[in-house]
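The next block holds one structure in the form of structure tokens; read it before the comments.
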Protein chains: 2
Amino acid sequence: MKIGQVSKKTDLPVQTIRYYETQNLIKSAGRTEGNFRVYDSKVIDQLEFIKHCRHLDLSLSDIKRINELRDNPNAVCEEVNELINDQVKLVKIKMKELRHLKTQLEALTNSCSNNQKVGDCGIIKSLQECDC
Amino acid sequence: MKIGQVSKKTDLPVQTIRYYETQNLIKSAGRTEGNFRVYDSKVIDQLEFIKHCRHLDLSLSDIKRINELRDNPNAVCEEVNELINDQVKLVKIKMKELRHLKTQLEALTNSCSNNQKVGDCGIIKSLQECDC
DNA sequence: TTAATATCTATAGCCACTATAGAGTCAAGA
DNA sequence: TCTTGACTCTATAGTGGCTATAGATATTAA
């Protein structure tokens, strides 16, 4: 299988697959005589795994670590669990920040009665005074 | 006032102030004979404005646009309002994504009873099967 | 045979900084 | 006056996770 086919099967851009190779998330593929990458079907599972992890916003280095642990089935599960828990913590922090952001932004839009001149704009005035 | 003092007053790294200059968010400062940047106190307000906008996660190009409108007090407020509303929309989308993420991650942690071997780890198994 | 398509590498761009190297400037103390 | 240290300067590279481009080579279909 060449990279284009892998790309279609996984719905990942060709570039991204090559990028994952440079980052050692997947092994370097074999090559044809003409220097084209050749893959067997295993790579599809590997890429789907990566996709799933990325979907959870895990970093590539986290994914790399999980892959290392996967390759060593006697390793203890704890580290994977910690990784995921750390990720949950990160997500919670981001959510809190976004909630705060949303409150502030909505307060701003309320301070604008449209079609005023910028000189009188409540938004701009609010941006000038810091309430943080 | 030299850049270090501006940095202290605004609590922005010196590098960042120079960076904002390269991005035309603040005007090029005057220079001393020895080529050091010299600022008057106006720049403090400008930087606080930028800080406040960044705090709302507005992009530098949005901030630049708002600055342009500010400099033209006859401009109509509408565009500023739209900018902020777009930002609210973005934040809402991000929040939705994060909520989804959190649900998925928490489901993962629940699938792990600690101190198992990686080979039996529920998290890793779940990551292999895609439920999205 | 030729044209279209697929692939290759290398490089730059995105965003908003942050960090580093190496050189120059300046003020205070000995 | 000299030196030391703090400050500043520019230019460049790195962050993360791609994405886009250029220019070359390979393969495939008509």
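Every chain is numbered from 1 and lettered A, B, ... according to where its sequence line falls, protein lines coming before strand lines. Quick caveat, the model's predicted, so the values are computed rather than measured.
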Approximate separation, where rounding is to 0.5 Å, of B/Thr10 OG1 and B/Ile50 CD1: 9.5 Å
B/Lys102 bridged to B/Glu106 by N-O distance under 4.0 Å: yes
Between D/dT19 (C1') and A/Ile17 (CD1): distance, integer Å: 14 Å
B/Leu47 CG to C/dC17 C1', straight-line distance once rounded to whole Å: 15 Å
Whole angstrom value for the distance that separates C1' of C/dT18 from CD of B/Gln23: 14 Å
Minimum heavy-atom distance B/Ala29-B/Glu21, with the two atoms named: N-OE1, 3.7 Å
Within 6.0 angstrom of A/Asp11 CG, more than 12 heavy atoms from elsewhere: no
Rounded distance (Å) that lies between atom C1' of D/dC18 and atom CD1 of A/Ile26: 14 Å
Among C/dC26, D/dT27, D/dC18, the one nearest A/Thr32 by side-chain distance: D/dT27
Between D/dT28 (P) and A/Glu33 (CD): distance, integer Å: 12 Å
Under 4.0 Å protein heavy-atom contacts per nucleotide of nucleotides 8-17 of chain D, with B for base, S for backbone only and - for none: SSB------B
Over 12 foreign heavy atoms within 6.0 Å of NZ, A/Lys9: no
A/Lys94 and A/Glu97 ion-paired at < 4.0 Å: no
